[in-house]
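Residue numbering restarts at 1 for every chain, and letters A, B, ... go by the order of the sequence lines. Every value quoted in this text rests on a predicted model; they were computed, and no experiment measured them.
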Amino acid sequence: MTLRTSKQVGEWINRNKKISFKFEGEQFTAFEGDTISSALWAADQKVLGRSFKYHRPRGVLSLANHDVNVLMTDGIDTNIRADVVEVKDGMVLTAVNTTGGVKKDKSSYIDSISPLLPVGFYYKAFHTPRRFFPFWEKVIRNAAGLGIVNFDYPRILKRKQHSHCDVLVIGAGPTGLTAAYEAAQAGLEVTLVDENRQVGGSLTYDRGGETAASKQLNDLLIKVANQSNIKMLTGTYAAGYYPDHLIPVVSEGGINKVRAKTVIVASGAFEQPPVFRYNDLPGVMLGSAAQRLIYRYGVKPFNNGIVVTANDYGYRVALDLLEAGTKVVAVVDLRKGTNTCGAAITLAKRGIKIYAGYCVYEALASSDKSSVRGAVLCEYDNIANVALTKNKLTLECDGIAMSAGWAPAGALLYQAGTGMQFDNSVQQFVPSRLPAGIFAAGKVNGIFDLEQRLQDGKRAANEALRYLGLEAPQITVARPVGQPSDLSCPSHPYPMVPHDKGKNFVDFDEDIQIKDFVNAAKEGFDNIELMKRFTTVGMGPSQGKHSNMNAIRILARIRDLPVEKIGTTTSRPFFHPTPIGHLGGRGFHAHRLTSLHDWHQANGAVFTDIGAWKRAAYYPTNGQTKEQAIQTEAMAVRTAAGIIDGSSFGKIEVHGPDAAEFLERFFTGSYKTQKVGRCRYVMLLDDSGVIADDGIASRLADDLFYLSIGTSNAAAVYREMQRSQQMWQLDIGLVNVTGAFGAINIAGPVARTILSALTDLDLSYESFPISSVRESHVAGVEARLIRVAFVSDVGYELHIPMAHVPHVWNALLEAGKQHGLRPFGSDTQRLLRLEMGHPMPGVDTDGLTNPFEIGADWAIEMNKPYFIGQRSLQILAKRPLRKQLVPFVLAENFKGEMPMDCNLVVDGRAILGRVTSIAYSKFINRCIGFAYVSPAKTAVGSTFEIRTDSGTLVKATVAAAPFIQNQKGA
Amino acid sequence: MPLRLLKFAVSKDHPAPRFFKSHEAPKKSYDVVIIGGGGHGLAAAYYLAKDHGITNVAVLEKGYIGGGNTGRNTTIVRSNYLTPEGVNFYDASVKIYEGLSEELDLNLFYSTRGHFTLAHTESAMRTMRWRAEVNKHVGVESRVVGPDEIAKACPQLDLSCSGQAPILGALFHAPGSVARHDGVAWGYARGADRLGAEIHQNTEVLAIDVKNGKVCGVKTNKGYIETKQVLCAVAGFTPRITEMVDLETPIVIHPLQACVTEPMKPWLDTILVSGSLHVYVSQSSRGELVMGSSLDPYEVHSTRSTLDFVEGLTSHMLDMFPFLSNVKVVRQWAGMADMTPDFAPIMGKTPIEGFYIDAGWGTWGFKATPISGKTMAQTIANDSAPDLIHSFRLSRFEDYELTGEKGAASVGH
């Protein structure tokens, strides 16, 4: 049997294009443009999913992206929202979270044992005896969760865009369209977003049985289409509000981060279900859902329906049902009194029975509980909000449409910091204090009448214009003033029908009933935040869109407080759950490559990540292991020469008359006395005296220092320099030239011989001694040459423009060929500097190490007026050391389990320190390293014990550094 | 089904008493006033009563209990710290946690899953080994494992992290667990209430009365309360309270953010942390992925969410789990973390007589809830801090005796 109606004006389906798909093993047909739910409903498939907790059958509720009991999987994707996702030809779908299918879900037994599962039941049991908890936990974990994740799902890289506009209008219903049009008329750039695939909002479905709305929408659309300064984004939702009007709008294709000058929120309202027993049966749906089925998808919601309502909206729904060919058995209005709205009069004329002051006491389920077979009505006491069950009457029907009120789709307003106040006359939270540049209009603003909404859109646009400094007349649109009992009120103040047997659902996501709130309050969870956390109301994927308002009303009633006093829970992004792939976008990993990267790659380098840089760690040849490669490279440096690409070193220039003063304050040493052409060691501390980094300062001119520092900390050091300069305001300029200059270090006994072939500079030790800097040319390229002794006593750091590094590198290799020159990597450098006895910050120090503990007293000029960390060092200098870094060796020909970095130095139960560096040096044929030991045992020749990974104790002896003899070289 | 649920099925009345009594207003005086009704404050009230018989105690909470960082953290419990002092302290916490559901007779869903701190660089591997060595030394089950063992525990993890940050190994910490954070607060609240302590929600402390260096009362929005002992247990609000007594601490407040996905069937059994990718993630018993990242890099006293946080976090999640592209994030939120320079807490006495501090909980407060409650109760009862928290004393900053836990922070902060 099909529930498809005849063609509707403005319907979203294409009846010329048939689609076939499978659901739970059965074949279905649909039209292009159907959602999965509308297609199944058209085919009279009522049970579309199962609820999360009790596995109750569920059908259509909202058709507005919060039917989260109807999540499906096509085997590839999971938790597909059937109410809004378009069905595609060939889809093979099943409902998630069932045991054996949606029709005969074996887990539905849970529904029958629900008395055993009161609110918060999982806090109350399963934990004693403790040993059984893992069993129960497994049961509960497996029962929880919705869809099954497909581990083969592809990584989807969605684009991200940034855009700017004068006005962002959220929601393209009549209000939003009007606001956008008015703002555009004034010449502003407008972006209009709507989550639906077609604009129009309520005009696409709320028609009261007539076609006027459709005509009105067309007129509006023509006006809007003629405004070229309106960018309309459909199928796009505003996911959240972030400071300064940053609003990510999300569509299938990706995220557009909109930065707007002003924002008009015309996001409408969510229809709220009245709460009565079995209000969750498939066939019981919101009035707006019934209307969406009819006018968007040409589907009749049911054949014989009842409308239960508490506002005029329900009467319009009844007319729409009639229009679709549904027999309206009755309109049940919770409110007493004769309704005189146009729709009510029309209905009465058409002979539709109206029960005023009645409620649906319960819906009656068919024998298999999968559909509605009738409804029990009785009178309703609007003061006590109870059903008067004396004279019940039963009506047969196969569906119930519910229209009892609304809750504002105000998430973005809340996130923006809007003050919201409960307006009794519309029974809704409405904005009372809007942040600058944000405006609300339409239903979200508590304005429901269509003509008034159009006015309100215009009003909001005018306010936005004035906010932007343009002229626009002030318009006033007033919400109705009256009592909630007035028939004009869009929402019922308490649409709850208590029932002894319960199963009157407030939150469909989590199967939460009225009594769960009562019981939660009884247990002390009687403020809205605690209640939310204990009952889990609003914590499901629909985020409380259909449940939070009723929960607040129930709590207000329990506490005997006005709704205003209960307040709302905090609204947080996202407005609709947003895919990780969209949010993550095209993941961006910033890797920095030196200009020699290709060369390293071509020459078999193994790379390592240091900070953001990829550095060549070593170059294994002929199948060498890492250890073999490192030893080969190190031996070359010791016996001939090696070159290393040091382009990743941090390089910072300090310019200006106060350059030396800046260094004096920033680093521990003295720089005012440093001569041009000389280099000095720099050490940076933090305020607590802990070593942050070190490096070399080369004075190129009175007012120019060139700093070279380690790779990993360079960015942080530069940032700290800038921060310090902000405070000190010295006459200097800082330039980070890390990427502008590359660097090559050539080191080893024959380094000078090789280099001298490529430069005119006098490299003799007399004219270019250690710790000096020269500016000259190497292989025809301008270079800063620094005489360093980090990895070898003979070493030159050549700093050259990054682009020229490969040229100089190749020239050096060529010149060094006959001398046994070879490249070495950063891992080899670690060994070489260890042999030289240089501790490295971050390797041989940690977040608490002060200079005294590594014996770097020599690097500190305490008699300066100030340097960072000085005060702390003055205090520390008077205290005994807690640990001290020492060079050590293992026994000659050590053969046991080699200790590793970070193995502990222990003395029985006491931890004395740890190994910070350890390596075998082929050159001296000894295992050497640095370790922290007790300050009492630092004399050369003292011994201590290192505990290896396996627990063996290895004896080590304190040695003198450097570990190798000075090699003057050729 | 456990029998204890039967009574709910046979009774119409929901036979469960209130978790804690509701009081009209605070009394005129208490022996001890605890500022902050989070896990720590409530636990302190509980242990004051249980261990020391001190029951004339008020817990003052300006909002609702457990509504601060207790209800905002990602619920990870572990003890794989870096300093022996830290490891001992957190291990004591883990030990209490293991029996806490039974002790409080509330199922806290304390679930031991194993905790992997992934290392993507050699330097991270060094830190892992350091932590493992210290942990082993103190008797806590931690060890460095290779990629194979990680893959076995979490076969879904892309060990190359999409080629961006190949995993070299991890610090595996077997006792690593998750628990229901709300339950911890509620359980301690109920325990404390039953033993006689009073819990006052919506009660904000406006000033603390100090005379001659001694605490003598607190001024609240519900009146003045006389007391000689005040415990400050307010995490991200610490500077506002310490300012009331002119106490300087080195605490700075940074926001810490987190988010959850919609529920899915269980697949992630372990707790995973990646320092390089700034991610920690576990799957809750409801089926949601609970995810967090590093601190926001600036000092802000606010709990607003930012888009870049969730963009960065999800991007890195995809490096680890590329198949999550279409899994949806439902909600993001933030807490205020009270950070200390050495990433260890500040606990114990202060120069003001009768003013005790339980602060500096940064990003590591939840896991310490039981032991901090216990040791602070001890400190208040004896007016002297136990040895277990000696390394966390406020005076360590003047003494240059920091307890360096930065290397054990779950992700690079």
For a 4.5 angstrom cut-off between non-hydrogen side-chain atoms, does B:Arg129 reach A:Asp949?
yes

Is any side-chain heavy atom of A:His127 less than 4.5 Å from a side-chain heavy atom of B:Leu108?
no

Looking at every non-hydrogen atom in both residues, tell me the closest pair between A:Arg81 and B:Glu262 and how far apart they are.
NH2-OE1, 4.0 Å

Identify which part of B:Ser285 has an atom lying under 4.5 Å from any heavy atom of chain A, answering side chain, backbone, both or neither.
both

If one checks every heavy atom of B:Gln156 against chain A at 4.5 Å, the contacting part turns out to be side chain

May I ask you to test the B:Asp13-A:Lys522 pair for a side-chain heavy-atom distance under 4.5 Å?
yes

Chain B contact via A:Asp77 - which portion, at a heavy-atom distance below 4.5 Å:
side chain

Interface moiety of A:Lys160 toward chain B, non-hydrogen atoms closer than 4.5 Å
side chain

What part of B:Val260 gets within 4.5 angstrom of chain A, counting heavy atoms only: side chain, backbone, both, or neither?
neither

Check each atom of A:Leu246 against the heavy atoms of chain B and say whether the ones under 4.5 Å are side chain, backbone, both or neither.
side chain

Taking A:Asp846 first and then B:Arg126, would you say they form a salt bridge - that is, a charged N and a carboxylate O separated by under 4.0 Å?
no

In terms of heavy-atom proximity below 4.5 Å to chain A, should B:Asn202 be classed as side chain, backbone, both, or neither?
neither

Chain B: which of A:Thr578, A:Asn850, A:Ile875 shares the most heavy-atom pairs with it under 4.5 Å?
A:Thr578

How far apart are the closest heavy atoms of A:Val149 and B:Leu324, and which atoms are they?
CG1-CD2, 4.3 Å

Please flag which part of A:Phe525 lies under 4.5 Å from any non-hydrogen atom of chain B: side chain, backbone, both or neither.
side chain

Please look at B:Ser123 and chain A and tell me whether the side chain, the backbone, both or neither of the residue comes under 4.5 angstrom of a heavy atom of that chain.
neither

So does B:Glu122 pair up with A:Arg830, basic N to acidic O under 4.0 Å?
no

Is chain B contacted by the side chain of A:Ala521, its backbone, both, or neither, given a heavy-atom distance below 4.5 Å?
backbone

Any salt bridge linking A:Asp526 with B:Arg18? Criterion: basic side-chain nitrogen under 4.0 Å from a carboxylate oxygen.
yes

Measuring heavy-atom distances to chain B, does A:Phe133 have an atom under 4.5 Å in its side chain, in its backbone, in both, or in neither?
side chain

Pick from A:Gly847, A:Gly147, A:Gly240 with the largest number of heavy-atom pairs that fall under 4.5 Å of chain B:
A:Gly147

Answer whether the closest heavy-atom distance between the side chains of B:Phe109 and A:Ile140 falls below 4.5 Å.
yes

Please classify the contact between B:Leu268 and chain A as side chain, backbone, both or neither, with a heavy-atom cut-off of under 4.5 Å.
backbone

On a heavy-atom basis, the closest approach of B:Leu318 and A:Gly581 is CD1-CA, 3.8 Å

Between the side chains of A:Glu523 and B:Arg190, is the shortest nitrogen-to-carboxylate-oxygen separation below 4.0 Å, so that they form an ion pair?
no

Between A:Ile156 and chain B, which part of the residue has a heavy atom less than 4.5 Å away: side chain, backbone, both or neither?
both

Considering only heavy atoms from C-beta outward, does the side chain of A:Thr570 approach that of B:Trp333 to under 4.5 Å?
no

With only heavy atoms counted, which part of B:Ser11 is less than 4.5 Å from chain A, the side chain, the backbone, both or neither?
neither

What part of A:Ala520 is in contact with chain B, defined as an atom under 4.5 angstrom from a non-hydrogen atom: side chain, backbone, both or neither?
neither

Please state whether the side chain, the backbone, both or neither of B:Gln201 comes within less than 4.5 Å of a heavy atom of chain A.
side chain

List the atom of A:Phe52, the atom of B:Arg286, and the distance in Å for their closest heavy-atom pair.
CZ-O, 4.3 Å

If I compare all heavy atoms of B:Ser305 with all of A:Pro573, which pair ends up nearest, and what's the gap?
OG-CD, 4.2 Å

Pairwise side-chain contact, B:Pro263 with A:Pro541, heavy-atom cut-off 4.5 Å (strictly under):
yes

Heavy-atom check, side chain of B:Lys265 versus side chain of A:Asn142, under 4.5 Å
no

Can you check whether B:Gln283 reaches A:Arg141 side chain to side chain, under 4.5 Å on heavy atoms?
yes

Selection residues 144-157 of chain A - residue pairs positive for side chain to side chain donor-acceptor pair (under 3.5 Å), sequence neighbours left out:
A:Tyr153-B:Asn326, A:Arg155-B:Ser162, A:Arg155-B:Asp319

For the pair B:His316 and A:His589, name the ring-plane relationship: parallel under 30°, tilted 30 to 60°, perpendicular over 60°.
tilted

Given that the side chain runs from C-beta out, which part of B:Pro84 has a heavy atom under 4.5 Å from chain A: side chain, backbone, both or neither?
side chain

When the 4.5 angstrom heavy-atom criterion is applied to A:Thr536 and chain B, the contacting part is side chain

Verdict with supporting geometry, A:Lys257 and B:Asp308, salt bridge (Lys or Arg N to Asp or Glu O under 4.0 Å)
CA-CA 11 Å; A:Lys257 295 194 244 180; B:Asp308 14 335; over 6 Å; no

With a 4.5 angstrom heavy-atom cut-off, could you sort out which part of B:Ile65 is near chain A: side chain, backbone, both or neither?
both

Looking at A:Pro118 and B:Leu5, what are the two nearest heavy atoms and their distance?
CD-CD2, 4.3 Å

Select one option (side chain, backbone, both, neither) describing which atoms of A:Arg533 are under 4.5 Å from chain B's heavy atoms.
both

From the list A:Ile610, A:Asp609, A:Asn97, A:Ile911, the residue making the most non-hydrogen contacts under 4.5 Å with chain B is A:Ile911

Top contributor to chain B interface from A:Gln415, A:Glu510, A:Lys138, A:His591 [non-hydrogen pairs under 4.5 Å]
A:Glu510

Within this structure, what is the OH-CG distance for the pair A:Tyr123 and B:Asp105, rounded to the nearest 0.5 Å?
14.5 Å

Among A:Val68, A:Thr128, A:Leu904, A:Val915, single out the residue with the greatest number of heavy-atom pairs under 4.5 Å to chain B.
A:Leu904

Test item: side-chain donor near acceptor, A:Tyr122 and B:Arg180, under 3.5 Å:
no

Once side chain to side chain donor-acceptor pair (under 3.5 Å) is applied, do any residues pair with A:Thr608, and if so which ones, sequence neighbours excluded?
none

